[in-house]
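Below: the structure, in structure tokens.
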Amino acid sequence: EEIGYQVGIANNNKEIGIAYARLKRFSEAIQHFNKAISIAGQLNSKYILKGAYEYLAETYAAMNDYKKALEYKNLYIELKDSLLNNETTRKLEQQRTQYEVEKEKKKKKLQQEKALAEENTRHQLAIAKERVKKEKALEIAKLKYNFATATAKTEEEKMLATQQFE
């Protein structure tokens, strides 16, 4: 039989055991719980094992066999705690991974914003440099115009100087 069927068989045996225990047919219930435990143990199906241990403990307690009830209750508690620890560890790891992903996203976003700000600053600086360059060129042209008109001796030279700078 394939593993998938084995899991179903183990679970069905556990469920049949529960039904027999409710009917107070304890020996049949115990047989099915033990069969479920055997198959689930081979498959390392901890959830089926946990349930079978729990109901087996209850069955033995109903039969007043408190020693076996305690034995299976302890197995149930140990497995339940182990599964709970595994689940807690898995959730913590999931949260840590999620935190790391979010942290990385924020880091990338900050890097993009920083790169954008740097690009904007470079662009603004280039505009400012171009403005200063134009202002200097305009100032030089004004100085040349003023010099040309100041040094022109006649009206005609002044008109030529003015036309030159228009």
Side-chain angles (χ1 to χ4, degrees), residues 1-19 21 32-58 70-152 157-166:
E1 295 177 330
E2 293 183 27
I3 289 176
Y5 293 118
Q6 292 295 318
V7 170
I9 291 170
N11 194 52
N12 287 342
N13 272 286
K14 180 189 73 159
E15 295 298 323
I16 292 168
I18 293 169
H32 284 282
F33 289 137
N34 284 331
K35 190 169 183 183
I37 289 169
S38 174
I39 296 169
Q42 291 172 5
L43 300 173
N44 198 27
S45 180
K46 293 179 180 181
Y47 287 99
I48 295 173
L49 278 171
K50 178 182 73 107
Y53 288 153
E54 179 181 24
Y55 289 110
L56 200 49
E58 290 176 8
L70 181 61
E71 176 185 338
Y72 284 103
K73 189 66 168 186
N74 286 337
L75 288 171
Y76 161 74
I77 290 170
E78 183 180 318
L79 193 52
K80 182 184 81 162
D81 288 348
S82 171
L83 290 170
L84 183 61
N85 286 339
N86 289 345
E87 183 66 16
T88 301
T89 301
R90 185 190 66 75
K91 284 181 180 178
L92 285 172
E93 187 60 30
Q94 186 178 23
Q95 287 176 345
R96 188 189 66 77
T97 301
Q98 185 177 356
Y99 168 77
E100 291 296 328
V101 167
E102 290 298 320
K103 183 177 157 185
E104 194 60 34
K105 281 181 182 178
K106 285 180 182 178
K107 182 179 175 184
K108 279 186 176 183
K109 185 178 177 183
L110 285 173
Q111 287 173 339
Q112 289 172 343
E113 288 173 354
K114 181 181 176 186
L116 186 60
E118 288 173 352
E119 180 62 30
N120 190 27
T121 300
R122 281 192 294 274
H123 181 69
Q124 293 298 325
L125 186 59
I127 290 172
K129 283 182 180 179
E130 189 61 32
R131 187 179 311 126
V132 167
K133 192 176 177 183
K134 286 179 181 179
E135 287 173 0
K136 282 183 181 178
L138 184 59
E139 199 60 40
I140 290 171
K142 284 180 184 178
L143 288 173
K144 284 182 179 178
Y145 172 76
N146 289 338
F147 179 75
T149 56
T151 57
E157 287 177 339
K158 286 183 183 181
M159 293 270 275
L160 283 174
T162 302
Q163 288 174 354
Q164 222 179 359
F165 291 103
E166 288 180 354

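Note that the structure is predicted; figures quoted are calculated from it, not measured.
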Query raised in the report: Taking NZ, NE, NH1 and NH2 as the nitrogens, is one of them in Glu93 or Arg96 under 4.0 Å from a carboxylate oxygen of the other?
Result: yes
Query raised in the report: Do other residues, nucleotides or ligands put more than 12 heavy atoms under 6.0 Å from the NZ atom of Lys73?
Result: yes
Report task. Evaluate the side-chain proximity of Leu110 to Glu113: yes if any heavy-atom separation is below 4.5 Å, no if none is. Result -> yes
**Report entry** Salt-bridge contact Glu87-Arg90 (side-chain N to carboxylate O under 4.0 Å)
**Finding:** yes
Query raised in the report: So, does Asn13 use its side chain to make a donor-acceptor pair with the main chain of Ile9 at under 3.5 Å?
Result: yes
Report task. Kindly say whether Asn85 contributes a backbone atom to a donor-acceptor pair with the side chain of Thr89 at under 3.5 angstrom? Result -> yes
Query - Greater than 12 external heavy atoms within 6.0 Å of Glu118's CD - result: yes
**Report entry** Minimal non-hydrogen separation, Leu79 against Lys50, with atom names
**Finding:** CD2-N, 3.4 Å
Query - From Gln95 atom CD to Glu102 atom CD, the distance as rounded to the nearest 0.5 Å - result: 12.5 Å
**Report entry** Distance, nearest 0.5 Å, that separates CD of Gln111 from CD of Glu104
**Finding:** 7.5 Å
Query raised in the report: Can you tell me how far CG of Asn12 sits from NE2 of His32, rounded to the nearest 0.5 angstrom?
Result: 10.5 Å
Query raised in the report: How long is the gap from NZ on Lys134 to NZ on Lys136, to the nearest 0.5 Å?
Result: 15.0 Å
**Report entry** Heavy-atom check, side chain of Glu54 versus side chain of Glu58, under 4.5 Å
**Finding:** yes
Report task. Dump the intermediate steps for side chain to side chain contact (heavy atoms under 4.5 Å, CB included) on Leu83 and Lys80, then the final yes or no. Result -> CA-CA 5 Å; Leu83 290 170; Lys80 182 184 81 162; 5.9 Å; no
Query raised in the report: Nearest 0.5 Å, what's the CG-OG1 distance between Leu92 and Thr97?
Result: 10.5 Å
Query raised in the report: Out of curiosity, Lys144 NZ to Glu139 CD, how far, rounded to the nearest 0.5 Å?
Result: 13.0 Å
Query raised in the report: Does Ala117 offer a backbone N or O that forms a donor-acceptor pair with the side chain of Thr121 under 3.5 Å?
Result: yes
Query raised in the report: At their closest point, which heavy atom of Ala10 faces which heavy atom of Ala36, and how far apart are they?
Result: O-CB, 3.2 Å
Report task. Describe, in one word, how the ring planes of Phe33 and Tyr55 are oriented to each other, choosing from parallel (under 30°), tilted (30 to 60°) and perpendicular (over 60°). Result -> parallel
Query raised in the report: Which is it for Lys14 and Asn11 under the side chain to side chain contact (heavy atoms under 4.5 Å, CB included) test, yes or no, and what are the steps along the way?
Result: CA-CA 5 Å; Lys14 180 189 73 159; Asn11 194 52; 3.5 Å; yes
Requested in this report: Please report the shortest heavy-atom distance between Gly41 and Leu49, naming the atom on each side.
Outcome: N-CD2, 3.9 Å
Report summary line: Minimal heavy-atom distance between Val7 and Ile48, with the atoms involved, is O-CD1, 3.6 Å
